[in-house]
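Beneath this line is the structure, given in structure tokens, with notes to follow.
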Amino acid sequence: MTGVRVAVAGSTGSVGTQTLEVLAAEPDRFELTALGASGSRPNLLVEQALAFRPKVVAVADPSVAADLAERLPACDVRAGPDALASLAGEADVIVNGVVGFAGLPVTLAALEAGRRLALANKESLIAAGPVVQQARRTPGAELVPVDSEHGAIHQCLRANDNVARVARLVLTASGGPFRGRRREELASVTVEDALAHPTWNMGPKITVDSSTLMNKGLEVIEAYELFGTPAGPLGARVSLEEIEVVVHPQSIVHSMVEFTDATTIAQLSSPDMRLPIGYALAYPDRIVTPFGRLDWRRVTRLEFEPPDLDAFPCLRLAYEAARAGGTAPAWLNAANEVAVEAFLDRRLRWIDIPGLLESTLDRHDGARAGSVDDVVEADRRARQVARNLIGRSLPGPASPRTSEPT
Ligand SMILES: NC(=O)c1ccc[n+]([C@@H]2O[C@H](COP(=O)([O-])OP(=O)(O)OC[C@H]3O[C@@H](n4cnc5c(N)ncnc54)[C@H](OP(=O)(O)O)[C@@H]3O)[C@@H](O)[C@H]2O)c1
């Protein structure tokens with residue numbers, strides 16, 4: 001029997017390596033036909049290719065191509081800016097586990113090829129929403145989220161046939177390593193502090209985003225793009241105000257949907273990314289997993305509390321960018337990528353991240369997001385603005401406003 005053909009872009013990252021574990025657990029069901037990454041970890045790529053024997057190995061960085069081709073004579077080694085997007089032609093399901101805006105070509109290529117896109121790379125959907133929605137209308141194209149919260153909502157929505165009866169989407173947030181701290185207690189946060197996530201083990205960019213709650217803000221925009229429009233079969237047409245965030249430190253309830261009869265359906269499982277990855281690969285079937293079972297005797301508490309927008313203003317900024325629409329989410333995403341990189345390089349303090357994002361958004365030029373070129377230009381402009389702001393004396397931290405629907 002030939003399995004579902006899977007391509008993994010970003011195979012060397014946290015999502016990528018966990019995707020390979022899911023594939024390895026069911027070799028009769030899944031066949032890895034292609035993998036790729038930036039090329040910064042060539043030894044790991046070679047190791048993966050020797051273990052799974054894909055037809056194609058792709059790297060964004062052409063300087064490592066010759067070495068890879070020599071070490072993997074049985075593989076078609078592709079390199080350069082279009083190499084990862086070319087993986088879309090090699091599989092039924094393309095997992096996009098690339099980090100950041102760099103994942104946009106993979107997202108678009110998978111959808112435009114009429115394939116299933118298992119999307120971890122939320123940044124491409126957030127920055128290029130209108131363009132991705134267009135690509136999503138390609139016959140055969142299907143977008144299934146990998147993010148655990150959106151995978152949860154996807155599952156909860158399947159509990160109901162009438163999308164008009166969806167009242168609210170409730171995204172859960174772990175709260176990150178600084179949950180419960182007040183803003184004034186966060187002035188001296190270090191890179192090591194921010195990278196110590198209490199429940200999830202992830203790549204550095206999303207871990208920092210979780211510490212600022214920017215990740216949850218990006219996920220609000222992601223949920224709006226995924227479920228707030230009629231584009232997908234499960235499109236629930238919820239408004240931005242009907243997408244809420246609640247902090248749930250145990251990370252067992254991955255998100256919830258409330259229906260018009262005040263019934264809430266939640267999805268629960270252990271905080272193990274292999275589970276939502278497996279869901280996105282196997283949907284509408286389910287994987288048969290040897291990992292991730294919960295021991296209910298140990299789940300003694302499920303707590304919920306409102307997010308603190310004073311200590312974590314990034315969440316408010318995400319709602320504002322989503323409300324502004326057009327290229328504002330692209331600006332927010334680009335400024336955030338610049339901010340996180342600067343923080344990890346110890347050029348920007350953690351406490352100054354929201355201020356940088358707000359100052360960048362204040363300079364948003366209002367350009368529309370009608371084409372890929374528009375979005376790429378918006379990303380370039382916003383990065384330039386954010387970089388110029390770093391190093392100058394930044395304004396104080398973004399001030400709290402209390403009217404947000406969270
Ligand atoms: N980690 C999680 O648990 C998790 C959960 C939900 C959503 N996500 C989302 O999934 C995405 C990946 O996150 P991650 O934590 O897996 O990141 P990560 O561990 O940092 O891995 C990033 C991957 O992207 C590749 N990459 C980086 N820059 C690239 C470029 N310019 N062109 C092509 N490939 C590039 C890297 O390749 P090299 O290794 O060659 O540099 C690596 O394979 C992010 O959008 C994140 O928000 C992650």
Side-chain angles (χ1 to χ4, degrees), residues 7-22 35-49 57-65 67-68 78-87 94-107 109 117-128 144-152 171-174 176 195 197 199-212 214-219 221-223 226 251 254-255 270-277 279-280 292 333 336-337 340-341 344 379:
V8 182
S11 64
T12 51
S14 165
V15 165
T17 51
Q18 293 182 87
T19 302
L20 298 196
E21 286 182 46
V22 174
L35 55 78
S38 85
S40 75
R41 290 175 268 197
N43 292 340
L44 181 53
L45 269 179
V46 169
E47 203 180 291
Q48 293 178 336
V57 172
V59 277
D61 177 2
S63 74
V64 295
D67 172 48
L68 285 179
R78 300 176 187 169
D82 303 326
L84 262 78
S86 80
L87 300 185
I94 292 86
V95 178
N96 189 353
V98 172
V99 64
F101 186 72
L104 180 60
V106 175
T107 290
L117 170 65
L119 183 69
N121 177 259
K122 66 192 84 180
E123 294 92 342
S124 55
L125 178 60
I126 290 154
V144 184
V146 162
D147 237 340
S148 57
E149 295 78 359
H150 305 77
L171 296 173
T172 55
S174 69
L195 289 179
H197 196 281
T199 48
W200 294 99
N201 186 6
M202 310 178 287
K205 194 261 178 182
I206 185 174
T207 306
V208 174
D209 285 348
S210 297
S211 76
T212 59
M214 188 70 245
N215 183 49
K216 211 48 57 182
L218 295 176
E219 287 180 6
I221 306 176
E222 181 183 8
L226 283 169
S251 300
H254 293 296
S255 278
S270 57
D272 182 332
M273 274 309 291
R274 293 172 297 184
L275 306 181
I277 291 168
Y279 175 79
N333 179 67
N336 184 55
E337 290 191 27
V340 171
E341 192 183 322
L344 289 171
D379 177 79

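Whatever order the structure lists them in is the order used to number ligands and atoms, beginning at 1. Below, each value reflects all heavy atoms present in this structure, side chains not excepted, and no hydrogens, waters or symmetry copies.
Annotation: atom 47 (O) of ligand 1 to nearest protein heavy atom, Lys122 CE, 3.2 Å. Considering only non-hydrogen protein atoms, atom 9 (C) of ligand 1 sits nearest to Ala120 O, 3.1 Å. Shortest contact from atom 1 (N) of ligand 1 to any protein heavy atom: Ser14 OG, 3.0 Å. Taking atom 42 (C) of ligand 1 as the reference point, the nearest protein heavy-atom neighbour is Thr12 OG1, 3.5 Å. Atom 11 (C) of ligand 1 has Val98 O, 3.5 Å as its closest protein atom, hydrogens excluded (heavy atom only). Here the heavy atom of the protein found nearest to atom 17 (O) of ligand 1 is Val99 CB, 4.0 Å.
A donor atom on one side chain and an acceptor atom on the other are found under 3.5 Å apart for Gln18 and Ser14. In the model, Asn43 has no side-chain atom that pairs as donor or acceptor with a side-chain atom of Glu47 under 3.5 Å.
When the options Gly100, Pro145, Gly203 are ranked by their closest heavy atom to atom 15 (O) of ligand 1, first place goes to Gly203. Taking each of Ala58, Ala9, Ser38, Ala85 in turn, the one with a heavy atom nearest to atom 25 (C) of ligand 1 proves to be Ser38. One option in Pro204, Gly151, Ala37 has a heavy atom closer to atom 20 (O) of ligand 1 than any other, and that option is Pro204. Closest heavy-atom approach to atom 12 (C) of ligand 1 within the set Gly13, Gly36, Ser11, Gly97: this belongs to Gly97. The nearest non-hydrogen atom to atom 33 (C) of ligand 1, considering only Val64, Leu84, Val106, comes from Leu84.
The shortest heavy-atom contact between Ser124 and Leu104 is CB-CA, 3.6 Å.
With hydrogens and angles ignored, the 3.5 Å screen pairs no side-chain donor or acceptor of Lys122 with any backbone N or O of Val146. Panel note: side chain Ser270, backbone Gly292; a donor-acceptor pair is recorded below 3.5 Å. A donor-acceptor pair under 3.5 Å is formed between the side chain of Glu337 and the backbone N or O of Phe101. Judged by distance alone, the side chain of Asn121 and the main-chain N or O of Val98 form a donor-acceptor pair under 3.5 Å. Here the side chain of Asp61 pairs a donor or acceptor atom with the backbone of Ser63 at under 3.5 angstrom. With Asn336 contributing its side chain and Met214 its backbone, the two residues share no donor-acceptor pair below 3.5 Å.
A side chain to side chain contact (heavy atoms under 4.5 Å, CB included) with Asn96 holds for exactly one of Leu125, Val15, Thr107, Val8; it is Thr107.
Residue contact check: Ala102 has heavy atoms under 4.0 Å from atoms 30 (C), 31 (N) of ligand 1. Within ligand 1, counting atoms from 1 as listed, the ones closer than 4.0 Å to a heavy atom of Ala60 are 32 (N). Near Val15, with a cut-off below 4.0 Å to any heavy atom, the atoms of ligand 1 are 1 (N), 2 (C), 4 (C), 8 (N), 10 (O), 16 (O), 48 (C). With ligand atoms numbered from 1 in the order given, ligand 1 contributes 6 (C), 7 (C) to contacts under 4.0 Å with heavy atoms of Asp147. Within ligand 1, counting atoms from 1 as listed, the ones closer than 4.0 Å to a heavy atom of Gly39 are 40 (O). Less than 4.0 angstrom separates some heavy atom of Glu123 from each of these atoms of ligand 1: 44 (C), 45 (O), 47 (O). Atoms of ligand 1 found under 4.0 Å from any heavy atom of Met202, numbered from 1 in the order shown, are 1 (N), 2 (C), 3 (O).
Residue pairs meeting the salt bridge (Lys or Arg N to Asp or Glu O under 4.0 Å) criterion with at least one partner in residues 201-210, sequence neighbours excluded, are Glu123-Lys205, Lys205-Asp209.
The shortest side-chain heavy-atom distance between Leu226 and Glu222 falls under the 4.5 Å cut-off.
Annotation: ring pair (Phe, Tyr, Trp, His ring centres under 6.0 Å) contacts of His254 (sequence neighbours excluded): Trp200.
Considering backbone and side-chain N/O atoms, Ser40 comes within less than 3.5 Å of an N/O atom of ligand 1. Taking any N or O of Arg41, backbone or side chain, at least one lies under 3.5 Å from an N or O belonging to ligand 1. Considering both main-chain and side-chain atoms, Ile206 never comes within under 3.5 Å of ligand 1 through any nitrogen or oxygen pair. Between Gln18 and ligand 1, no N or O atom pair is found at a separation short of 3.5 Å.
The line from CZ of Arg274 to OG1 of Thr17 is 10.0 Å long, rounded to the nearest 0.5 Å.
When non-hydrogen atoms are compared, ligand 1 lies under 4.0 Å from the side chain of Met273 (C-beta onward) but not from its backbone.
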